[in-house]
Amino acid sequence: MTPDDADGSTGTGAWVGLFSGGKDSAWAVYRALERGLPVEWLLTVHPVGDSYMYHVPETRLTALVAESIGIPLIDVEPDSFDAESAADSSTQGDDELEPLEAALADLADDLEGDGGLAGVTAGAVESEFQTSRIEAMCERLECDLFAPLWREDPRELAESMLEAGFEIVIVQVAAAGLDESWLGRTLDYDALEELEALNEEYGVHILGEGGEFETLVVDGPHMDRRLDLEYETEWEGTRGRIRVSEARLE
């Protein structure tokens with residue numbers, strides 16, 4: 001089943017939301033819940049260092065976000081992927097997928113008497129690198145893939161998130177045109193206008209699909225309580241991130 005037409009029509013078991021805390025994975029979970037898919041687990045992979053497959057910054061905050069959403073969280077903590085020294089991106093992507101697939105396979109075994117694993121949600125927009133691997137993984141696990149952002153217009157997706165009430169904070173930037181002032185900034189309509197201009201000038205993806213920036217959803221209609229943050233910024237000349245010192249649900 002291709003990610004753009006997956007609808008969870010096969011199977012009656014549980015769904016798992018692949019969840020980084022960022023806007024895209026949060027939107028996929030939100031849309032799945034809207035559709036009535038039984039998302040019974042969220043799953044976060046916590047990379048050590050850089051990663052080809054996963055969102056990296058502040059993934060530890062997904063525990064609080066999951067509590068606010070009201071869905072249990074599965075933490076997957078692999079060894080370092082050593083992405084900085086990877087010689088082949090394809091092999092690296094396959095290697096990084098292994099701990100995620102192993103965790104889902106274990107969960108599927110645990111759920112065998114309760115309908116099994118029906119499917120997973122994913123927040124991919126345009127990345128064939130990530131989506132092809134997740135789709136192949138779902139085929140091996142014999143479950144569906146729900147990817148509601150896949151091949152949708154980036155600006156329309158961003159506006160849909162804002163219209164739904166998502167409060168999105170930029171937690172990392174790494175692209176020409178994105179300076180330290182973007183760290184901790186709320187992704188709102190003004191920011192979208194600026195990102196469109198940066199897209200024309202530098203090719204920055206409006207949703208940060210190429211790793212230009214990473215986000216954290218601190219509030220939304222799927223959350224009972226807003227996530228409040230205290231943080232400092234770190235800047236390294238061409239890239240930077242926030243470092244959260246305290247986080248709590250309001």
Side-chain angles (χ1 to χ4, degrees), residues 1-45 54-55 58-76 100 103-104 107-108 110-111 114-125 130-131 134-135 137-138 141-154 156-169 187 207 209 214-228 247 249-250:
M1 180 173 290
T2 58
D4 52 323
D5 65 9
D7 61 6
S9 58
T10 62
T12 58
W15 280 74
V16 176
L18 304 184
F19 189 67
S20 69
K23 61 182 175 15
D24 299 336
S25 67
W27 185 249
V29 170
Y30 169 69
R31 289 294 308 279
L33 294 171
E34 272 198 318
R35 182 170 290 205
L37 298 180
V39 181
E40 297 183 13
W41 300 91
L42 302 178
L43 186 151
T44 302
V45 178
Y54 306 107
H55 170 113
E58 303 299 342
T59 58
R60 63 190 175 87
L61 299 178
T62 56
L64 285 172
V65 179
E67 179 183 343
S68 180
I69 297 172
I71 299 177
L73 178 70
I74 299 169
D75 293 298
V76 178
L100 169 60
L104 288 171
L107 180 61
D110 292 341
L111 295 170
D114 298 311
L117 176 65
V120 302
T121 73
V125 181
Q130 294 175 323
T131 305
I134 294 173
E135 189 176 13
M137 177 190 72
C138 288
L141 294 171
E142 299 182 343
C143 69
D144 283 342
L145 171 61
F146 180 63
L149 297 83
W150 183 242
R151 294 176 176 162
E152 296 293 327
D153 179 82
E156 291 179 4
L157 278 172
E159 290 182 350
S160 294
M161 294 175 192
L162 299 184
E163 289 167 5
F166 273 43
E167 183 180 348
I168 303 164
V169 175
L187 186 61
L207 289 178
E209 177 80 350
E214 303 283 2
T215 63
L216 176 70
V217 176
V218 298
D219 201 10
H222 58 309
M223 297 171 62
D224 290 334
R225 300 161 65 190
R226 181 182 181 275
L227 181 64
D228 182 60
L249 295 174
E250 294 180 344

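With sequence neighbours excluded, the residues forming a side chain to side chain donor-acceptor pair (under 3.5 Å) with Asp228 are Arg248, listed by chain and number. Residues satisfying the side chain to side chain donor-acceptor pair (under 3.5 Å) test with Glu250, not counting sequence neighbours, are Arg226. Partners of Asp75 under the side chain to side chain donor-acceptor pair (under 3.5 Å) rule, at least two apart in sequence or in another chain, are His46. Applying the salt bridge (charged side-chain N to carboxylate O under 4.0 Å, His left out) rule to Glu152 yields no partners; only residues at least two apart in sequence or on another chain are considered. A search for side chain to side chain contact (heavy atoms under 4.5 Å, CB included) contacts involving Leu33 returns Val29, Val39, Ile71, not counting sequence neighbours. The side chain to side chain contact (heavy atoms under 4.5 Å, CB included) check on Pro38 picks up Trp15, Glu40, with sequence neighbours excluded. Partners of Ala247 by side chain to side chain contact (heavy atoms under 4.5 Å, CB included), not counting sequence neighbours, listed by chain and number: Leu61, Leu64, Leu227, Leu229, Val244. For Thr215, there are no side chain to side chain donor-acceptor pair (under 3.5 Å) partners, not counting sequence neighbours. Qualifying salt bridge (charged side-chain N to carboxylate O under 4.0 Å, His left out) partners for Glu214, counting only residues two or more places apart in sequence or in other chains: none.
For the pair Phe19 and Val65, the minimum side-chain heavy-atom distance is below 4.5 Å. Between Trp41 and Leu107 the shortest side-chain heavy-atom distance falls below 4.5 Å. Annotation: side chain of Glu67 is in contact with side chain of Leu249 (closest heavy-atom distance under 4.5 Å). Residues Trp150 and Val125 are not in side-chain contact: their nearest non-hydrogen atoms beyond the backbone lie 4.5 Å or more apart. Between Cys138 and Val120 the shortest side-chain heavy-atom distance falls below 4.5 Å. Residues Leu100 and Leu18 form a side-chain contact, since some pair of their non-hydrogen atoms from C-beta on lies under 4.5 Å apart.
Of all the heavy atoms in Val218 and Met223, the pair that sits closest is O-CE, 3.4 Å. Nearest approach of Leu207 to Asp24, heavy atoms of both residues: O-OD2, 4.3 Å. Minimum heavy-atom separation, Val76 to Ala103: CG2-CB, 3.6 Å. The two residues Asp219 and Val217 have their closest heavy-atom pair at O-CG1, 3.3 Å. Across every non-hydrogen atom of Cys143 and Leu117, the tightest pair is CB-O, 3.5 Å. Considering all non-hydrogen atoms of both residues, Pro148 and Ala122 come closest at CD-O, 3.9 Å.
Here the straight-line distance linking atom CE of Met137 with atom OG1 of Thr131 works out to 11.0 Å at 0.5 Å rounding. Rounded to the nearest 0.5 Å, atoms CZ (Arg31) and CZ (Phe146) are 5.5 Å apart. In this structure, OG1 in Thr62 is found 11.5 Å from CD1 in Ile74, a value given to the nearest 0.5 Å.
The closest donor-acceptor contact from the side chain of Ser68 to the backbone of Asp224 lies under 3.5 Å. Side chain of Lys23 to main chain of Val169: no donor-acceptor pair is present (N/O by atom type, distance under 3.5 Å, no hydrogens or angles).
Atom CD of Glu34 is surrounded by more than 12 heavy atoms from other residues, nucleotides or ligands within 6.0 Å.
Between the side chains of Ser25 and Ser20, a donor-acceptor pair is found at a separation under 3.5 Å.
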Validation: residues 156-166 side-chain donor-acceptor distances under 3.5 Å, sequence neighbours left out:
unit_1	atom_1	unit_2	atom_2	d
Glu159	OE2	Arg155	NE	2.8
Glu159	OE2	Arg155	NH2	3.2
Ser160	OG	Glu156	O	2.9

